[in-house]
Each structure stands twice: as C-alpha cells, then as structure tokens.
Amino acid sequence: MSSVQPILLVHGGAGNVPDCNVQNKLDGVRQAAKEGYRILKETGSVLDSVVAAVKVMEDLEGFNAGRGSVLTIDGTIEMEAQIIEGKNMNAGCVTLLSHIQYPVELARLVMEKTPHTFLGGEAAEEFAKKMGVPFVTQDFLKTKAAEKALAEFKKKGALNPTLTEIGGVGTVGCVAIDSNGHTASATSTGGINGKYRGRIGDTPLLGCGGYADDTIGTVSTTGHGESIMRYNLAQRILNAMTHGKNPQEAVDQETAAMTARVGKDAGAIVLSNKGEVGVGFTSYRMSWAYQVGDELHYGIDKGQKLVDKIS
Ligand code: GLY
C-alpha cells in the first residue's frame, strides 16, 4: 500500500452544547487530538493513539465518558466503550461498567486478553480487577453537572417513555490512520441522561458506535444511541464510501438519512483508508479536532473549520 499521511481525529459528542461550554469543549478536543497524535508519531500504533486520545476525554469532566458520565434515572453510572482495528478487524467492547476509570482501556484488554469480543457488567469488572486496571468509586466519576442534568431531566417528566435526551455533555470518540493505511476507532460514553439501569446504547455495538476496516476506512459516532443502533450508522457510512462517496459526503448523507428515517440526531467522524477526512452532524453542535503534520484543525458549529499551526 502506498504511504498515507498519518491523521488522528476526535469528537467530543453531538448535542445541544450551550454557548458557555463551547470553549471548554474545544479545549478538550484539541488536547485529546494533540495527545493522540503525539502517541501515533511516537509509537506508530493506531491502537495506542486512539486509546490515548479517548483517555484524555474520559478524564475531563466536560465530556460524557469516564469521569463526567451522565447518570441513570437512579443516579448511578453505567459506562460503555468499544475499540476496533481495521487490519484484522479485532475488536473489544464493554458495557454496564460502574467503577472503571478508563472504559476504553478495558475494551482493549477484552480484545487482546480474552477469546471474546464483548463483556458486560459485574463480570467485566471482575476481569478488569484481574487485569489490574484503575478502579474508582462512583463518587469519583459523578460530577455536579451530571447530578444537575439528571435533576432537570426528572423535572421535565422522566416518566414519559418517549422522552430521551442526548447526554448534553457528549460521548467521545477517536479514529486514526497510520502511514501504512492501518486504521482504528475507539468510542466511550456514559450513555444518555436519565436512562433506565441496564440500558445499553450504540457505543459498544460494532457497526453502530464505530467501526474500522482497512479496505474502506474508519468511523466513530455520537448522538442518540437508540436511533444510531437501529440505523447501524457507522456501517452505513462505510457502505456509502464503498459506493463511491468520499467520507464527507458519506457522513452528511447517512446522518441526515438516519434522522429522517428513525428520528433524533447523530454525528460522526470518518477517515478513509487514503486519509480523507469527514466530519458531520445533524445535532446543533459537535466538537471535533484533528492533527495532521503540524496543523490542528477543529470546530464545533456547523461549517466551522479553524486551523492552528502547532509549533
Ligand atoms: N451515543 C451514546 C448513547 O446514546 O448511549
């Protein structure tokens, strides 16, 4: 395969990000993109790089993953994540985690250290203990913002079964490609605010929350999980690319089609196996950033494309 320029692209979640959170979101995705790209250049590993970028956002309170995750209707935390690499399509998925500091790291361990692809709940946390990954309390993971969002959700009428919300603070994800055209994707979330306990969303589901296949490219999605999983959003975007769309056309077409067909909003970040970029969303906002060479590209509003030179 001919040489590709390495790129690492992140998103910080689709949703109604209020003006007061815009700078925080942009700072977070820029930090994650730079750290992931640094690791990509240092190790040459797309898997190391997507994990590093997602861990930055799992640590930041302003993102709906790890610390800062939204709460279930009972006020508890249930996080999920997936990782997939595009050479052999090895993947790891985890769900219903309540005490894991970095769900994306556990997803990678499921991929690399078990004969399985998907582990959930208590058994996944037992496996995590054996692997020695960082355990934390729910109090550590819970933020004032998440508690406030749940209180507001309850006030709005949580008993209405049709009322669902995007987390507000946003699922996180990352896609990367190395110079050999090898791709990977990682996505991590606390789910949706006020969800039932035991609810599983799109994020840990392959072909929905993300995907990677070096013969086409790689995707990470964000938005309303029930809609994304019913529509198989990540897989549909890659399918549009196999039918001649470039990543930008594919993400625009399929996020719009999902919203038209099953309702609610979504966004996605995409890289083709040639290193072409696609970023799109039907929600009001979605923060994103990517580094390629010494350029950092980023934005949050529709059509916004800012670029900084990294010194
Ligand atoms: N996309 C995140 C969720 O709905 O769980």
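Every heavy atom of this structure was used, including side-chain atoms; hydrogens, water molecules and symmetry mates were not. Remember, it's 1-based here, ligands and their atoms both numbered in the order they're listed.
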- Query: Just checking, any donor-acceptor pair under 3.5 angstrom between side chains of Ser220 and His11?
  - Reply: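 His11 and Ser220 do have a side-chain donor-acceptor pair below 3.5 Å.
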
- Message: Under a 3.5 Å cutoff, is there a donor and acceptor pairing between the side chains of Gln138 and His99?
- Response: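 Side-chain D/A pair, Gln138 to His99: absent.
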
- Item | Separation between CD1 of Ile77 and CG of Leu96, rounded to the nearest 0.5 Å |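 That separation rounds to 13.0 Å.
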
- Does the Asp294 side chain pair with the main chain of Ile310, one donor and one acceptor, at a distance under 3.5 Å?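 No, because the side chain of Asp294 does not come within donor-acceptor range (under 3.5 Å) of the backbone of Ile310.
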
- Is Arg285 paired with Asp265 through a side-chain N to carboxylate O contact shorter than 4.0 Å?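 So Asp265 does not pair with Arg285 through a salt bridge.
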
- Query: Is it true that atom NZ of Lys245 has more than 12 heavy atoms of other residues, nucleotides or ligands lying nearer than 6.0 Å?
  - Reply: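 No, not enclosed.
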
N/O pairs closer than 3.5 Å, ligand 1 and protein:
| unit_1 | atom_1 | unit_2 | atom_2 | d |
| --- | --- | --- | --- | --- |
| ligand 1 | 1 (N) | Asp202 | OD1 | 2.8 |
| ligand 1 | 1 (N) | Gly223 | O | 2.7 |
| ligand 1 | 4 (O) | Arg199 | NH2 | 3.0 |
| ligand 1 | 4 (O) | Asp202 | OD1 | 3.4 |
| ligand 1 | 4 (O) | Gly223 | O | 3.3 |
| ligand 1 | 4 (O) | Gly225 | N | 2.8 |
| ligand 1 | 5 (O) | Arg199 | NH1 | 2.7 |
| ligand 1 | 5 (O) | Arg199 | NH2 | 3.4 |

